[in-house]
Amino acid sequence: MSSPGDRLRRAVPDRFDSLVSGVRFGQFVSVGVVGAVCDTTVLLVLTEVLGVLPELATLAGIETAILVMFAINERWTFAEEGDPESLPRRLLRSHVVRAGGSTTQFLVFVVIYRLLFVPLTVAGIDLWILVAKGGGIGLGMLVNYVFESIFTWQVHQGE
């Protein structure tokens with residue numbers, strides 16, 4: 001009997017075998033948690049303290065998280081994958097590549113927050129915004145992991 005990991009490895013072409021690295025994915029998720037905290041903090045400060053429209057606040061949070069996560073991924077998750085002289089190109093490529101994950105995150109946020117809205121307020125704070133944010137972050141992270149691995153740090157190039 002084969003494990004889920006074995007089945008996944010058989011389904012992924014050898015060229016992208018590095019995508020199923022448990023260690024790298026764990027690092028990426030850990031960095032994602034830091035990004036999610038930054039993203040959510042910006043969202044809450046902008047909406048709850050400054051009264052900014054949630055959709056605009058979530059875009060500001062996404063950009064903040066992208067910059068923070070890029071810096072951490074550059075130094076930790078993919079530290080051995082990139083040419084130091086191409087840092088500006090990788091940062092630009094990261095933004096382009098993350099457009100898919102960012103769009104996914106934003107659309108999921110809007111659908112959950114606006115279309116599936118459930119009143120959930122505690123101590124005057126809208127907690128439904130956190131539910132919507134978490135759903136968007138989760139799906140966006142999966143998209144980002146695949147595309148960042150393949151296009152930004154090109155993990156398959158060393159194989």
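For clarity, every value in this text was computed on a predicted model and none was experimentally measured.
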Under a 4.5 Å side-chain heavy-atom rule over Ile, Leu, Val, Met, Phe, Trp and Tyr, are [X] and [Y] clustered together?
X    : Y    : answer
L107 : V131 : yes
V45  : L43  : no
L53  : F109 : no
I112 : V122 : yes
L46  : V110 : no

_Closest non-hydrogen atom pair, T47 against A57_ =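 Nearest heavy atoms, T47 then A57: CG2-CB, 3.5 Å.
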What pairs of donor and acceptor atoms, side-chain ones from residues 63-70 against any protein atom, are under 3.5 angstrom apart with sequence neighbours left out?
| from | atom 1 | to | atom 2 | distance (Å) |
| --- | --- | --- | --- | --- |
| E63 | OE1 | H95 | NE2 | 3.2 |
| E63 | OE2 | H95 | NE2 | 2.8 |
| T64 | OG1 | A60 | O | 2.9 |

*Could you name each residue pair satisfying side chain to side chain donor-acceptor pair (under 3.5 Å) that touches residues 120-132, not counting sequence neighbours?*
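Side chain to side chain donor-acceptor pair (under 3.5 Å) check on residues 120-132 returns Y113-D126.
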Output all residues satisfying side-chain contact (heavy atoms from CB on, under 4.5 Å) with [X], sequence neighbours left out; order by chain, then residue number.
X    : result
L139 : T104, V108
L115 : V111
I125 : E48, L127

For residues 33-41, run the donor-acceptor check on the side chains, cut-off 3.5 Å, and write out each pair with its distance to 0.1 Å, sequence neighbours left out.
| from | atom 1 | to | atom 2 | distance (Å) |
| --- | --- | --- | --- | --- |
| D39 | OD1 | K133 | NZ | 2.6 |
| D39 | OD2 | Q105 | NE2 | 2.8 |
| D39 | OD2 | K133 | NZ | 3.2 |
| T40 | OG1 | A36 | O | 2.7 |
| T41 | OG1 | V37 | O | 2.6 |

*asked:* Under a 3.5 Å distance rule, please check whether S94 uses its side chain to pair with a backbone N or O of R90 as donor and acceptor.
replied: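 Such a contact is absent between S94 side chain and R90 backbone.
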*Side chains of S102 and R98: donor-acceptor distance under 3.5 Å anywhere?*
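S102 vs R98: no donor-acceptor pair found between side chains.
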_Can you tell me how far apart OG1 (T58) and CZ (F106) are? Round to the nearest 0.5 Å._
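It is 7.0 Å, given to the nearest 0.5 Å.
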*Give the C-alpha distance, both sets of side-chain angles, the deciding distance and a yes or no for side-chain contact (heavy atoms from CB on, under 4.5 Å) between L44 and I129.*
CA-CA 8 Å; L44 288 176; I129 204 167; 3.9 Å; yes
*Can you sort out the partners of E55 under salt bridge (charged side-chain N to carboxylate O under 4.0 Å, His left out), two or more places apart, ordered by chain and number?*
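Here the qualifying residues are R114.
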